[in-house]
Amino acid sequence: QVQLVESGGGLVQAGGSLRLSCAASGSTFSINAIGWYRQAPGKLRDSVAIIKRGNITKYADSVKGRFTISRDNAKNTVYLQMNSLKFEDTAVYYCYADITQTFRRDDYWGQGTQVTVSS
């Protein structure tokens, strides 16, 4: 019932910046947590940044100080501002949400957006 749509990926030079957006749409729902995972070729999908109720945030150690997650509740949208990008940040970035809808709690995933950082 809920769909997550990401945007903002692309190609950027090392040291540059990108901002990812993820918009959630569907019937009335509540977001328990929403954020971003990433997966590079041959590697596992890992958590990057999550924002929970009360605007509590959690970042992977590898992105602390460089990435900032924020949300616009009125637009049901979460953002990931990525600064000082490194080659190692290259991956497909997936929006993730833990959502409760009509008393049912489920995980939702976006289709992914490619972020490529050139060295």
Side-chain angles (χ1 to χ4, degrees):
Q1 293 276 33
V2 178
Q3 186 176 17
L4 305 178
V5 179
E6 308 104 324
S7 63
L11 175 64
V12 66
Q13 288 186 311
S17 298
L18 286 173
R19 189 179 76 158
L20 305 183
S21 300
C22 174
S25 63
S27 302
T28 301
F29 57 87
S30 61
I31 300 174
N32 306 302
I34 190 167
W36 298 89
Y37 283 65
R38 68 186 181 186
Q39 186 168 26
K43 301 184 70 176
L44 298 175
R45 186 176 299 187
D46 294 326
S47 176
V48 177
I50 300 292
I51 186 166
K52 302 179 179 180
R53 289 155 58 185
N55 282 338
I56 300 171
T57 58
K58 178 69 174 180
Y59 296 93
D61 289 340
S62 59
V63 307
K64 286 181 179 177
R66 300 188 297 120
F67 292 9
T68 302
I69 189 168
S70 61
R71 64 191 301 177
D72 185 336
N73 292 330
K75 297 180 179 179
N76 289 322
T77 300
V78 64
Y79 305 94
L80 185 67
Q81 179 66 46
M82 305 186 294
N83 298 327
S84 302
L85 282 161
K86 304 175 180 179
F87 174 78
E88 301 93 284
D89 296 317
T90 297
V92 177
Y93 284 69
Y94 295 91
C95 184
Y96 159 84
D98 172 4
I99 289 176
T100 298
Q101 185 178 48
T102 317
F103 310 110
R104 182 183 178 91
R105 186 168 180 172
D106 287 305
D107 294 338
Y108 290 85
W109 294 93
Q111 294 299 306
T113 184
Q114 177 71 48
V115 172
T116 302
V117 183
S118 63
S119 60

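Only a predicted model underlies this, so the values are computations on that prediction, with no experimental measurement involved.
Both Tyr93 and Val12 belong to a common hydrophobic cluster when Ile, Leu, Val, Met, Phe, Trp and Tyr are linked at side-chain heavy-atom distances under 4.5 angstrom. Tyr79 and Leu4 fall into different hydrophobic clusters, where Ile, Leu, Val, Met, Phe, Trp and Tyr are joined by side-chain heavy atoms under 4.5 Å apart, directly or via other members. A single hydrophobic cluster is seen to contain both Val2 and Ile34, as judged by linkage of ILVMFWY side chains at heavy-atom distances under 4.5 Å, directly or through other members.
When all heavy atoms are compared, the tightest approach of Asn55 to Arg71 is OD1-CD, 3.5 Å. Ser84 and Ser17 make their closest contact through N-OG, 4.3 Å (heavy atoms, listed as atom of the first residue, atom of the second, distance). Between Ala40 and Ala91, the shortest heavy-atom contact is N-CB, 3.9 Å. The two residues Tyr94 and Gly110 come nearest to each other via the heavy atoms CD2-O, 3.6 Å. Contact record, Ser47 with Ala60: O-CB, 3.5 Å, taken as the closest heavy-atom pair. In plain terms, the two heavy atoms of Phe87 and Val117 that are nearest each other are CD1-O, 3.3 Å.
Atom CG of Asn32 sits about 4.0 Å away from atom CZ of Arg105, to the nearest 0.5 Å. Phe67 contributes atom CZ, which lies 8.0 Å from atom CG of Leu20 (distance to the nearest 0.5 angstrom). With values rounded to the nearest 0.5 angstrom, Cys95 atom SG is found 5.0 Å from Trp36 atom CH2. Atom CD of residue Gln114 and atom OG1 of residue Thr90 lie 7.5 Å apart, to the nearest 0.5 angstrom. With rounding to the nearest 0.5 angstrom, the CZ atom of Arg66 is 12.0 Å from the CD atom of Gln81. Considering OH of Tyr59 and CD1 of Ile69, their distance stands at 6.5 Å, rounded to 0.5 Å.
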What verdict does the side chain to side chain contact (heavy atoms under 4.5 Å, CB included) test give for Val115 and Arg38, after you've listed the backbone C-alpha separation in whole Å, the side-chain angles of each residue and the deciding distance to 0.1 Å?
CA-CA 9 Å; Val115 172; Arg38 68 186 181 186; over 6 Å; no
Checking side chain to side chain contact (heavy atoms under 4.5 Å, CB included) for the pair Tyr37/Ile50: CA distance, chi angles, key distance, verdict?
CA-CA 9 Å; Tyr37 283 65; Ile50 300 292; 4.0 Å; yes
Carefully, step by step, assess Phe29 and Gln1 under the rule side chain to side chain contact (heavy atoms under 4.5 Å, CB included).
CA-CA 9 Å; Phe29 57 87; Gln1 293 276 33; over 6 Å; no
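Ring planes of Trp109 and Tyr96: tilted class, angle from 30 to 60°.
Salt bridge Lys52/Asp98: absent, no basic N to carboxylate O contact under 4.0 Å. Under a 4.0 Å N-O distance rule, the pair Asp89/Lys86 does not qualify as a salt bridge.
Residues Asp106 and Ile99 form no side-chain contact, since every pair of their non-hydrogen atoms from C-beta on lies 4.5 Å or further apart.
Gln111 contributes no side-chain N or O that, together with a main-chain N or O of Val5, makes up a donor-acceptor pair within less than 3.5 Å. One N or O on the side chain of Glu6 and one on the backbone of Gly112 form a donor-acceptor pair closer than 3.5 Å.
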